[in-house]
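Input: a single structure, listed below in structure tokens.
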Amino acid sequence: MKQIPFLDLKLINQKYEADIKNAFDRLLTSGWYLFGEEKKLFEEELAQYNGSKYVVGTANGLDALTLILKGYKELGQLKEGDEIIVPANTYIASIISIINSGLVPLLVEPKEQTFNIDYSCIEQAITSKTRAIMVVHLYGLISDISHVKAIAKTNNLLLIEDNAQAIGASCQGVKSGCLGDAAAFSFYPGKNLGALSDAGAVATNNKELAEVVLALSNYGSTQKYVNKYVGLNSRLDELQAAILRIKLKDIDWVNAERQRIALKYHLEINNPLIQLPLLPDSKEEHVWHLFVVRTINRENFVAYLKEKGIATVIHYPIPPHKQEALKTFSHLELPVSERLHADVLSIPLHQCLTLDEQNYIINQINEYKG
């Protein structure tokens, strides 16, 4: 029987092994490990790839979101207690960044068919204290951004992208991470563009915000031992920057492979018990960080696939408002989010998945009887 892991990072990174070892040797002998040439070049290359004017490397994706929000507070565009609209079914990091910035999350239901925020629910959630919308391109599926942008513009709200899972996705030819006022990236090892540790970035066309974020990421320092803000220690180190530079050159190929496999799944998985995610329309391009299916009896389906040697992961088993950490939100009625968290299951999809493995996964899913 085959054994197919959900994600094989060792296999994925083998392609870059020689280049990564060379980068490590180069940096080890250089004696310069923070705020060096690799970080600077990665920021420039990511900005060029993404279409943003400015990029600031950070220690991780959560910090990137938090730095954006804290940056807007320092610029006077947000203040303590302001409200930020955010999808109710996002990974909890999106919500944590809002709370840790002294702001208030307003949880809005997603569309059941797309997993992303339901723009038709946004306007009714807006109050006199609402100052921004945070969209999340969940699972690498681009949000319906045109409607959200129109709402943000009409209501004079900032538009922030949580682009942790969607580097390279696009809408009408514009890449995610360049669709709003500022965006956060995560380069956690399992992401489409993954470092070998935590890493992240902020992208924006706002020079003032980029300068404040850069300072905030380094203890609030604008020059050595001169601290203008109460900041964080959230610096992208030289080794991770060098690794990301190596792998950034391949990101379009990585995403294309994921798109090819996702299309194959769509065309060949045919089981009425399994609901597939929607394919994007002609103006959208998903990058399929995850391929998330839905089924009513999830535990049974997980056990069946495990028996067949196919590893799966649930992204995510508990909705944020039902987490103990967010118990102040437990009273909220969010039935769509709760249904999604009860039904979703991610099956293997990555650029090193062989055709034989893809066919095996498809055949076993099609044979599932419930």
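For reference, positions follow the sequence shown, starting with 1.
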Exercise for review: List the steps, then state whether side-chain contact (heavy atoms from CB on, under 4.5 Å) holds for Met134 with Leu65.
Suggested key: CA-CA 10 Å; Met134 182 183 290; Leu65 282 171; 3.9 Å; yes
Practice item. Would you kindly say whether Tyr16 and Asp250 are connected by a side-chain donor-acceptor distance under 3.5 Å? Key: yes
Practice item. Answer whether the closest heavy-atom distance between the side chains of Ile361 and Tyr265 falls below 4.5 Å. Key: yes
Review point. Quick one: do the Asn13 and Lys247 side chains pair a donor with an acceptor below 3.5 Å?
Key: yes
Practice item. Return yes if some donor-acceptor pair links the side-chain N/O of Ser346 with the main-chain N/O of Val292 below 3.5 Å, else return no. Key: no
Check your understanding: Where do Asn227 and Ser221 come nearest, in terms of heavy atoms and distance?
Key -> ND2-CB, 3.8 Å
Review point. Is the closest side-chain heavy-atom distance between Leu158 and Arg131 below 4.5 Å?
Key: no
Review point. So, Asn206 versus Thr204: side-chain donor-acceptor pair below 3.5 Å or not?
Key: no
Exercise for review: Please confirm whether the backbone N or O of Gly36 pairs with a side-chain atom of Glu238, one donor and one acceptor, at under 3.5 Å?
Suggested key: yes
Point to revise | Distance in Å, Ser143 OG paired with Lys111 NZ, rounded so as to fall on 0.5 Å steps | key: 10.5 Å
Practice item. Establish whether Ile126 and Leu107 are linked, either directly or via other cluster members, by ILVMFWY side-chain heavy-atom contacts under 4.5 Å. Key: no
**Study point:** Heavy-atom neighbours of Leu263 CG exceed 12 at 6.0 Å
**Key:** yes
Point to revise | More than 12 heavy atoms from other groups under 6.0 Å of CZ on Phe35 | key: yes
Check your understanding: Linking I/L/V/M/F/W/Y whenever their side-chain heavy atoms sit closer than 4.5 Å, directly or via other members, would Val136 and Tyr188 fall into one cluster?
Key -> no
**Study point:** Distance in Å, Arg245 CZ paired with Asp19 CG, rounded so as to fall on 0.5 Å steps
**Key:** 11.0 Å
Practice item. Could you tell me whether Glu74 and Lys228 have a side-chain N and a carboxylate O separated by less than 4.0 Å? Key: no
Point to revise | Min side-chain heavy-atom separation Pro277-Tyr139 under 4.5 Å | key: no
Review point. Taking only residues two or more places apart in sequence or in another chain, which ones pass salt bridge (Lys or Arg N to Asp or Glu O under 4.0 Å) with Glu37?
Key: none
Review point. side-chain contact (heavy atoms from CB on, under 4.5 Å) between Gln240 and Leu196: does it pass, once the steps are laid out?
Key: CA-CA 7 Å; Gln240 300 309 321; Leu196 296 190; 4.0 Å; yes
Check your understanding: Which atom names give the shortest non-hydrogen contact between Glu367 and Lys369, and what distance separates them?
Key -> O-NZ, 3.1 Å
Review point. Do the side chains of Lys191 and Ile167 get nearer than 4.5 Å, heavy atoms only?
Key: no
Point to revise | Aromatic ring pairing Phe291/His266, orientation class (parallel under 30°, perpendicular over 60°, tilted between) | key: perpendicular
Practice item. Any chance you could measure Trp288, atom CH2, to Ile261, atom CD1, to the nearest 0.5 Å? Key: 12.0 Å
Exercise for review: Spell out, as yes or no, whether a donor-acceptor pair under 3.5 Å connects the side chain of Gln351 to the backbone of Asn255.
Suggested key: no
Check your understanding: Linking I/L/V/M/F/W/Y whenever their side-chain heavy atoms sit closer than 4.5 Å, directly or via other members, would Ile318 and Leu62 fall into one cluster?
Key -> no
Review point. For Lys73, what residues pass the salt bridge (Lys or Arg N to Asp or Glu O under 4.0 Å) criterion, not counting sequence neighbours?
Key: Glu80
Point to revise | Gap between atom OG of Ser234 and atom CG of Leu216 - 0.5 Å precision | key: 10.0 Å
Check your understanding: Could Asp82 and Lys79 be called an ion pair, given the rule that one side-chain N must be under 4.0 Å from one carboxylate O?
Key -> yes
Check your understanding: Should the heavy atoms of other residues, nucleotides or ligands under 6.0 Å from CD of Glu333 be counted, would the total exceed 12?
Key -> no
Review point. Ignoring hydrogens and geometry, is there a side-chain-to-backbone donor-acceptor pair from Asp63 to Ser217 under 3.5 Å?
Key: no
Check your understanding: Can you check whether Pro110 reaches Asn116 side chain to side chain, under 4.5 Å on heavy atoms?
Key -> no
Point to revise | Whether over 12 other heavy atoms sit under 6.0 Å from Glu208 CD | key: no
Exercise for review: Flag the pair Glu357 and Lys2 as a salt bridge only when some basic side-chain nitrogen lies within less than 4.0 angstrom of an acidic carboxylate oxygen.
Suggested key: no
Exercise for review: State whether the number of non-hydrogen atoms from other residues, nucleotides or ligands found under 6.0 Å of Lys249 atom NZ is greater than 12.
Suggested key: yes
Check your understanding: If you draw a 6.0 Å radius around CG in Asp25, do more than 12 non-hydrogen atoms from other residues or ligands fall strictly inside?
Key -> yes
Review point. Distance-only, no hydrogens or angles: does the Asn89 side chain make a donor-acceptor pair with backbone N or O of Ser337 under 3.5 Å?
Key: no
Practice item. Looking only at non-hydrogen atoms, find the nearest pair between Leu179 and Val174 and report the distance. Key: CD2-CG1, 3.5 Å
Check your understanding: Does a donor on one side chain and an acceptor on the other come within less than 3.5 Å for Thr127 and Glu83?
Key -> yes
Check your understanding: For Val336, does its backbone N or O pair with a side-chain atom of Glu109 as donor and acceptor, under 3.5 Å?
Key -> yes
Exercise for review: Would you please name every residue forming a salt bridge (Lys or Arg N to Asp or Glu O under 4.0 Å) with Lys40, sequence neighbours left out?
Suggested key: Glu44
Check your understanding: Gln165 and Ser186: side-chain donor and acceptor closer than 3.5 Å?
Key -> no
**Study point:** Shortest non-hydrogen contact between Leu46 and Leu248, atoms and distance
**Key:** N-CD2, 3.9 Å
Point to revise | Min side-chain heavy-atom separation Phe185-Thr58 under 4.5 Å | key: no
Review point. Has the side chain of Lys322 got a donor or acceptor atom that lies under 3.5 Å from a matching backbone atom of Ser330?
Key: yes
Exercise for review: Ignoring hydrogens and angles, state whether a donor on the side chain of His137 or Ser176 is under 3.5 Å from an acceptor on the partner side chain.
Suggested key: no
Exercise for review: State, with a plain yes or no, whether a side-chain heavy atom of Glu257 is found less than 4.5 Å away from one of Trp253.
Suggested key: yes
Point to revise | Donor-acceptor pair, side chain of Asn205 and main chain of Lys53, under 3.5 angstrom | key: yes
Review point. Shared ILVMFWY cluster between Tyr91 and Leu349, side chains joined below 4.5 angstrom?
Key: yes
Review point. Which atom pair, heavy atoms only, marks the closest approach of Glu284 to Ile142?
Key: CB-CG2, 3.6 Å
Review point. What are the two closest heavy atoms between Ala64 and Val202, and how far apart are they?
Key: O-CG2, 3.4 Å
Practice item. May I ask you to decide if Ile310's main-chain N or O and Tyr360's side chain share a donor-acceptor pair within less than 3.5 Å? Key: no
**Study point:** Ser94 versus Asp162, side-chain donor and acceptor atoms under 3.5 Å
**Key:** yes
Check your understanding: Backbone N or O of Tyr368 within a donor-acceptor pair of the Asn271 side chain at under 3.5 Å?
Key -> yes
Practice item. Please answer: with hydrophobic residues joined when any side-chain heavy atoms are less than 4.5 Å apart, are Leu326 and Ile85 in the same cluster? Key: no
Practice item. Nearest 0.5 Å please: distance from the CD1 atom of Ile365 over to the CD1 atom of Ile274. Key: 6.5 Å
Review point. Would the number of heavy atoms belonging to other residues, nucleotides or ligands and lying under 6.0 Å from OH of Tyr33 be above 12?
Key: yes
Review point. With side chains defined as the heavy atoms from C-beta onward, is the minimum distance between Phe187 and Asp198 less than 4.5 Å?
Key: no
Review point. Hey, is OH on Tyr54 packed in by over 12 heavy atoms from elsewhere, all under 6.0 Å?
Key: yes
Point to revise | Pairwise distance CD(Glu123) to OG1(Thr130) - rounded to 0.5 angstrom | key: 11.5 Å
Practice item. Go through the steps to decide whether Val313 and Leu290 satisfy the test side-chain contact (heavy atoms from CB on, under 4.5 Å), and finish with yes or no. Key: CA-CA 10 Å; Val313 177; Leu290 299 169; over 6 Å; no
